Amino acid sequence: MKVSIVLPPNSKEALETRERILEIATEQFARFGVRTITMEDIARQAGISKKTIYQEYADKRDLVKAVFARILEEDQKRLTFILETEDGVIEHLVQTSKMMRERLSSINPMVIMEVQKYFPEAWRMFEEFKEHTIQTDLVNVLEKGKELGYFRPEIDSLILAKVRMNQITSAFDPSNFANPEFNFVEEQLVLMDHFLHGIFTEKGRQAYHSQKEILN
DNA sequence: TACCGC
DNA sequence: AGCGGT
């Protein structure tokens with residue numbers, strides 16, 4: 001039996017078709033995987049025809065890329081915004097770990113493997129994001145944190161930014177996912193915590209922990 | 001919605 | 001076989 005999702009008859013068309021497709025795709029891909037969800041599934045849930053989807057997106061790869069691009073963009077905005085506020089270093093760190101937990105635990109880990117394997121262009125976008133945005137962001141936080149006395153003054157921001165990036169990358173290694181014991185989200189959070197405690201001053205450590213109490 | 005081809 | 005694409 002087919003289950004059809006009935007939407008409010010015309011929820012004001014507040015969302016453009018393109019946007020609706022993107023939202024449904026984002027949610028469905030994250031929950032069930034980019035391979036198990038078909039273009040037809042998305043069309044059905046959106047209450048439109050496949051043809052309409054293909055008017056907005058050239059093909060499935062294009063749609064997967066758009067989904068990823070949007071997630072990355074949103075996260076980036078949230079993070080740079082925090083760092084632009086005065087000080088903001090500690091808030092940025094705690095917010096980052098919160099975002100990672102929320103984001104990663106809402107994504108079926110299988111999706112990560114599928115995208116690496118079957119949607120290399122979308123994966124490439126993620127890698128570029130890592131290499132440019134995350135690295136730049138890290139160097140900025142590290143520098144600012146040093147100036148404000150949260151991190152030990154002798155640390156090399158660029159080297160440590162790269163170390164941190166390698167930690168992130170290593171947790172994404174497909175061989176990890178083969179192990180059922182492996183908790184992807186937990187590993188990322190533990191690695192981040194460990195990294196931070198290696199560079200905190202006492203002031204930084206305390207600020208981090210009290211900020212965590214407040215925000216989490 | 002039917003259909004093709006991978 | 002079933003999905004992407006027409």
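All values derive from a computational prediction rather than experimental measurement. Naming convention: chains lettered A, B, ... in sequence-line order (proteins, then strands); numbering from 1 in each chain.
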With the threshold set at 4.0 Å, does a side-chain nitrogen-carboxylate oxygen contact exist between [X] and [Y]?
X	Y	answer
A/R205	A/E202	yes
A/E23	A/R70	yes
A/R18	A/E16	no
A/E127	A/R124	yes

Pick out the pairs of N or O atoms, protein on one side and nucleotides 1-3 of chain B on the other, that lie under 3.5 Å.
none

Atom pairs and distances, side-chain donor-acceptor, residues 184-194 of chain A, under 3.5 Å, sequence neighbours left out:
residue: A/Q188; atom: NE2; partner: A/I168; partner atom: O; Å: 3.3
residue: A/D193; atom: OD1; partner: A/Y208; partner atom: OH; Å: 3.1
residue: A/D193; atom: OD1; partner: A/K212; partner atom: NZ; Å: 3.2

Covered region of DNA chain C, 5' end to 3' end, by chain A [heavy atoms, under 4.0 Å] = C/dC3 to C/dT6
Give every residue pair that meets the ring pair (Phe, Tyr, Trp, His ring centres under 6.0 Å) criterion with at least one member in residues 54-90 of chain A, sequence neighbours excluded.
-> none
Linking I/L/V/M/F/W/Y whenever their side-chain heavy atoms sit closer than 4.5 Å, directly or via other members, would A/L158 and A/L83 fall into one cluster?
-> no
Would A/M100 end up clustered with A/I82 when hydrophobic side chains under 4.5 Å apart are linked, directly or stepwise?
-> no
Quick one, which residues of residues 107-124 of chain A touch DNA chain C with a heavy atom under 4.0 Å?
-> none
Sequence neighbours excluded, which residues qualify as ring-ring contact (aromatic ring centres under 6.0 Å, His included) partners of A/H209?
-> A/H197
Go through A/T38 and A/D41 one step at a time and tell me if the side-chain hydrogen bond (donor to acceptor under 3.5 Å, both in side chains) criterion holds.
-> CA-CA 5 Å; A/T38 67; A/D41 290 330; 3.2 Å; yes
